[in-house]
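My structure is below; once you've seen it, I'll send some questions.
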2 protein chains.
Amino acid sequence: MDIQLKRGLLDVCVLAAISEEDSYGYKIIKDMKPYLVLSESTLYTILKRLEAAHMLTVRSAEHDGRLRKYYHITPEGSKRIAEFKEDWKEIMAIYRFVTKEEQPHA
Amino acid sequence: MDIQLKRGLLDVCVLAAISEEDSYGYKIIKDMKPYLVLSESTLYTILKRLEAAHMLTVRSAEHDGRLRKYYHITPEGSKRIAEFKEDWKEIMAIYRFVTKEEQPHA
DNA sequence: GTGGAATACATCGTATCGCGAAGTATTCGA
DNA sequence: TCGAATACTTCGCGATACGATGTATTCCAC
């Protein structure tokens, strides 16, 4: 799939992956894989960006002697998803413009 | 609207704007405005990129003593739009993942 | 008849971003 | 024992959107 098309979905998709229960890097990648493949470097960049934007919080926990960082969505993160849903209306309008479906003959 | 979300739409949207009849820079921006606002610098970058990718051809013509560059979509450009439609199925799957609509309980 | 908006195209520099590459460290199964 | 899987991190590159800026012409209001 076109990389550019993914861009707007990535952030919100990661937020969606942790929205139902806290998750960690490796699991997020696995959960997203059926929908959207992303590399580790990409994910950790996104996670840091979302943390800086206060859309999620991080908590370290040990699991089988290995460190795991659990990510938890904040209200601001949920708000981001809600905004995405709003934006989607505009996206669909653009989609119809591109595919020439039910155009009002401008 | 989120800039990132626009990214995947921009190229294909410009192609759509010239798909029914040849058009030129200023008109493309005007035609797209109801759906997607983009600056001139962005558009000319995109037009050059699409030309380099052989998705459109350019032809200069004089209009009222002023130069105009008319852009014409190629079969490859049309193919790009068709591919976009295909990609859209995946995009919708991601949308459902994000909005948790009819998830098959993974 | 003059000035400013609109038309029309072009270039440069910057910030953002996805991702490949490479690295560290542990656990688990063949 | 050795490689795959798990788990996180950093660096650097290339692509890209866009603001700023510049050039040049036409058209309309005053």
Side-chain angles (χ1 to χ4, degrees), chain A residues 1-15 17-18 22-33 35-53 55-71 80 87 91 94, chain B residues 1-15 17-18 22-33 35-53 55-72 80 87 90-91 94:
Chain A
M1 211 220 322
D2 179 33
I3 313 144
Q4 299 302 316
L5 262 174
K6 282 165 64 173
R7 287 178 89 107
L9 286 329
L10 276 170
D11 282 30
V12 101
C13 211
V14 169
L15 286 172
I18 63 167
D22 294 1
S23 188
Y24 55 95
Y26 229 71
K27 186 167 188 296
I28 294 171
I29 288 177
K30 274 196 172 174
D31 289 346
M32 284 175 61
K33 192 162 274 175
Y35 307 100
L36 208 146
V37 175
L38 80 171
S39 66
E40 291 175 56
S41 57
T42 302
L43 177 66
Y44 291 109
T45 309
I46 292 170
L47 287 170
K48 267 181 191 159
R49 190 165 64 232
L50 291 175
E51 192 194 355
M55 296 201 184
L56 53 78
T57 54
V58 195
R59 149 179 69 89
S60 284
E62 209 180 288
H63 179 84
D64 284 334
R66 223 188 335 241
L67 181 83
R68 258 191 199 164
K69 285 191 163 183
Y70 284 90
Y71 298 91
R80 176 78 170 76
D87 283 347
I91 296 291
I94 296 170
Chain B
M1 212 220 320
D2 179 33
I3 313 144
Q4 299 302 314
L5 220 41
K6 281 165 65 173
R7 288 179 90 106
L9 285 329
L10 276 171
D11 282 29
V12 102
C13 212
V14 170
L15 286 173
I18 62 167
D22 294 1
S23 188
Y24 55 93
Y26 229 70
K27 185 166 189 295
I28 294 171
I29 289 178
K30 274 196 174 174
D31 289 345
M32 286 175 59
K33 192 162 273 176
Y35 306 100
L36 208 145
V37 176
L38 80 170
S39 66
E40 292 175 56
S41 57
T42 302
L43 177 65
Y44 290 110
T45 309
I46 292 169
L47 287 170
K48 268 183 190 158
R49 189 164 65 233
L50 291 175
E51 193 194 354
M55 297 200 183
L56 53 78
T57 54
V58 195
R59 149 179 70 89
S60 283
E62 209 180 288
H63 179 84
D64 283 334
R66 225 192 330 246
L67 181 82
R68 258 193 198 162
K69 285 191 164 183
Y70 283 91
Y71 298 92
H72 176 77
R80 176 78 171 76
D87 283 348
E90 290 176 50
I91 296 291
I94 296 170

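Naming convention: chains lettered A, B, ... in sequence-line order (proteins, then strands); numbering from 1 in each chain.
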| field | A/K30: partners by side-chain contact (heavy atoms from CB on, under 4.5 Å), with sequence neighbours left out | value |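 With neighbours one apart ignored, the set is empty.
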| Which residues pass the side chain to side chain donor-acceptor pair (under 3.5 Å) test with A/D31, sequence neighbours left out? |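 Expected list: A/K27.
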| task | Taking side chain to side chain donor-acceptor pair (under 3.5 Å) as the test, write out the residues that go with B/R59, two or more places apart. | result |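 Residues passing side chain to side chain donor-acceptor pair (under 3.5 Å) with B/R59: B/D22.
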| For A/L50, which of A/T45, A/I18, A/V14 qualifies under side-chain contact (heavy atoms from CB on, under 4.5 Å)? |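 Among A/T45, A/I18, A/V14, the one meeting side-chain contact (heavy atoms from CB on, under 4.5 Å) with A/L50 is A/V14.
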| query | With the sugar-phosphate defined as primed atoms, P, OP1 and OP2, and the base as all remaining atoms, what B/S/- string results for nucleotides 24-30 of chain C, 5' to 3', for protein heavy atoms under 4.0 Å? | reply | --BS---
| query | Rounded to the Å, how far apart are A/Y44 OH and D/dT9 C1'? | reply |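 From A/Y44 OH to D/dT9 C1': 9 Å.
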| Residues which pass side-chain contact (heavy atoms from CB on, under 4.5 Å) with B/L38, listed by chain and number, not counting sequence neighbours |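 B/L38 satisfies side-chain contact (heavy atoms from CB on, under 4.5 Å) with B/L10, B/I29, B/M32, B/T42, B/L43, B/I46 only.
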Can you tabulate the close N/O pairs, meaning under 3.5 Å, that link protein atoms to atoms of nucleotides 15-18 of chain D?
unit_1, atom_1, unit_2, atom_2, d
D/dT16, O4', B/R7, NH2, 3.1
D/dT16, O3', B/R7, NH2, 3.4
D/dA17, OP2, B/R49, NH1, 3.1
D/dA17, OP2, B/R49, NH2, 2.9
D/dC18, OP1, B/K6, NZ, 3.0
D/dC18, OP2, B/T42, OG1, 3.1

| query | To the nearest Å, how far apart are A/Y26 OH and D/dT6 C1'? | reply |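 Those two atoms, OH and C1', are 5 Å apart.
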| request: Check the distance between D/dC8's C1' and A/R59's CZ and give it to me in whole angstrom. | output: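 Answer to the nearest Å: 16 Å.
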| For the pair made of NZ in A/K30 and C1' in D/dA7, what is the distance, rounded to whole Å? |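 After rounding, the gap between these two atoms is 11 Å.
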| task | Could you tell me which residues satisfy salt bridge (Lys or Arg N to Asp or Glu O under 4.0 Å) with B/D2, sequence neighbours excluded, listed by chain and number? | result |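 Here the qualifying residues are A/R80.
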| Applying salt bridge (Lys or Arg N to Asp or Glu O under 4.0 Å), which residue pairs with at least one partner in residues 3-13 of chain B are found, sequence neighbours left out? |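 Residue pairs with at least one partner in residues 3-13 of chain B: B/D11-B/R49.
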| Rounded distance in Å - CG (B/D2) to C1' (C/dC17) |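 So the two atoms are 12 Å apart, to the nearest Å.
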| Between B/Y71 (OH) and C/dC9 (C1'), how many Å, whole number? |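 The answer, rounded to whole Å, is 8 Å.
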| said: Can you tell me if A/Y24 touches the phosphate of D/dC8, counting only side-chain N or O atoms and a distance under 4.0 Å to OP1 or OP2? | reply: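 So the side-chain polar atoms of A/Y24 never come under 4.0 Å of the phosphate oxygens OP1 or OP2 of D/dC8.
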| query | NA contact type, B/K48, heavy-atom cut-off 4.0 Å: base, sugar-phosphate, or nothing? | reply |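 Here B/K48 touches the backbone only, sparing every base.
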| Roughly, in whole Å, what's the span from CG in B/L43 to C1' in C/dA10? |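 Answer to the nearest Å: 12 Å.
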| said: Between P on C/dT7 and NZ on B/K27, what's the gap in Å once rounded to a whole number? | reply: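 Rounding to the nearest Å, NZ of B/K27 and P of C/dT7 are 13 Å apart.
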| Validation row: B/Y26, B/R68 side chains within 4.5 angstrom (heavy atoms) |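 Not touching, per the 4.5 Å side-chain cut-off.
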| Can you name the residues that form a side-chain contact (heavy atoms from CB on, under 4.5 Å) with A/V58, not counting sequence neighbours? |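 In terms of side-chain contact (heavy atoms from CB on, under 4.5 Å), with neighbours along the sequence ignored, A/V58 is linked to A/E51, A/L56, A/K69, A/Y71.
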